Enquirer: 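Sharing a structure with you now.
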Amino acid sequence: MVPKNPTAYQKFMQRIAQVLPEKARGVFLHPAGPTTIFFWAPTFKWGLVLAGIGDINRPVDTISLSQTASLALTGLIWSRYSLVIIPKNYNLLSVNAFVFMTNVYNFARGATHQMNEGKK
């Protein structure tokens, strides 16, 4: 799909697509491929996953339950959304599934700590 008035970025991506093998061209020019924001937004969202993994080593008394719960819920909602939209965006699905999983784990750590503190 070539837009009517392509931007410099789109023209650059079209040139790259011309030198790719035919099989790779389909993935590269996919409606959710690297020529669109539908690829780059989820790709940069992997930073949230890295932050969640970094929080695994964080002291449990500093974990915000409201923050981890909201991130987990957001990951769950957007995971579902990525399967409903057309075209299906598996990059969006994977990043949001990992956002959900890392934040559920950190929420469980924080909640367990707070419950144990309450018993003392």
Side-chain angles (χ1 to χ4, degrees):
M1 179 177 99
V2 178
K4 290 183 181 181
N5 297 316
T7 64
Y9 176 75
Q10 290 168 331
K11 288 177 187 177
F12 177 68
M13 292 306 233
Q14 289 293 333
R15 284 196 180 143
I16 291 173
Q18 290 173 352
V19 298
L20 291 174
E22 189 64 37
K23 288 184 179 181
R25 215 175 285 165
V27 173
F28 190 75
L29 295 175
H30 186 270
T35 58
T36 67
I37 190 66
F38 307 114
F39 173 82
W40 291 109
T43 299
F44 283 106
K45 194 172 182 180
W46 280 99
L48 286 176
V49 175
L50 295 174
I53 291 170
D55 286 348
I56 290 172
N57 295 325
R58 187 178 191 182
V60 288
D61 59 328
T62 62
I63 292 175
S64 168
L65 293 182
S66 57
Q67 177 182 330
T68 55
S70 63
L71 279 169
L73 185 60
T74 301
L76 186 64
I77 290 168
W78 282 100
S79 292
R80 170 70 175 124
Y81 175 76
S82 67
L83 295 174
V84 175
I85 59 172
I86 298 173
K88 291 187 183 343
N89 192 333
Y90 295 108
N91 188 15
L92 185 63
L93 171 65
S94 62
V95 72
N96 282 298
F98 274 91
V99 166
F100 172 74
M101 289 185 288
T102 56
N103 283 287
V104 163
Y105 178 76
N106 284 324
F107 181 85
R109 287 180 56 228
T112 303
H113 172 73
Q114 284 191 7
M115 285 190 291
N116 290 337
E117 286 293 311
K119 290 180 183 177
K120 290 183 181 177

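Heads up: numbering here begins at 1 and tracks the sequence. Predicted model, so just to flag it, every value in this text is computed and none were measured.
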Enquirer: Looking at every heavy atom in both Arg109 and Arg58, which two are closest together, and how far apart are they?
Expert: NH2-O, 2.8 Å

Enquirer: Looking at every heavy atom in both Gly110 and Leu65, which two are closest together, and how far apart are they?
Expert: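 Distance-wise, the nearest heavy atoms are C-CD2, 3.6 Å.
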
Enquirer: What's the shortest heavy-atom distance between Pro87 and Pro31, and which atoms?
Expert: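 Shortest heavy-atom separation between Pro87 and Pro31 comes out as CG-CB, 3.5 Å.
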
Enquirer: Could you check if a side-chain atom of Ser82 sits within less than 4.5 angstrom of a side-chain atom of Lys88, using non-hydrogen atoms only?
Expert: no

Enquirer: Measuring only between side-chain heavy atoms, which start at C-beta, is Trp46 closer than 4.5 Å to Ser94?
Expert: yes

Enquirer: Measure the acute angle between the ring planes of Trp40 and Phe44, then classify it against the limits of 30° and 60° as parallel, tilted or perpendicular.
Expert: tilted

Enquirer: State, with a plain yes or no, whether a side-chain heavy atom of Tyr81 is found less than 4.5 Å away from one of Asn96.
Expert: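 No; the side chains remain at least 4.5 Å from each other.
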
Enquirer: Please check if any side-chain donor atom of Asn91 sits under 3.5 Å from a side-chain acceptor atom of Thr43, or the reverse.
Expert: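 Side chains of Asn91 and Thr43: pair found under 3.5 Å.
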
Enquirer: With hydrophobic residues grouped by side-chain heavy-atom distances under 4.5 Å, do Phe100 and Leu50 end up in a single group?
Expert: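 Cluster IDs for Phe100 and Leu50 differ.
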
Enquirer: Name the one of Leu48, Val49, Asn89 that satisfies side-chain contact (heavy atoms from CB on, under 4.5 Å) with Val95?
Expert: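 Passing option: Val49.
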
Enquirer: Roughly how far apart are His113 NE2 and Glu117 CD, rounded to 0.5 Å?
Expert: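 Result: 4.0 Å between the selected atoms.
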
Enquirer: Could you check whether atom CD1 of Ile56 has more than 12 heavy atoms from other residues, nucleotides or ligands sitting under 6.0 Å from it?
Expert: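 For Ile56, atom CD1 is crowded (more than 12 foreign heavy atoms under 6.0 Å).
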
Enquirer: Counting C-beta onward and ignoring hydrogens, is there a side-chain heavy-atom pair between Arg15 and Phe12 closer than 4.5 Å?
Expert: no

Enquirer: Quick one: closest heavy-atom pair of Arg25 and Gln18, and the distance?
Expert: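 Result for this residue pair: NH2-O, 3.4 Å.
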
Enquirer: Can you confirm whether Thr74 sits close enough to Val99 that some side-chain heavy atom of one is under 4.5 Å from a side-chain heavy atom of the other?
Expert: no

Enquirer: Any heavy-atom pair between the side chains of Lys11 and Thr7 that's under 4.5 Å?
Expert: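 Counting from C-beta outward, Thr7 and Lys11 never come under 4.5 Å.
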
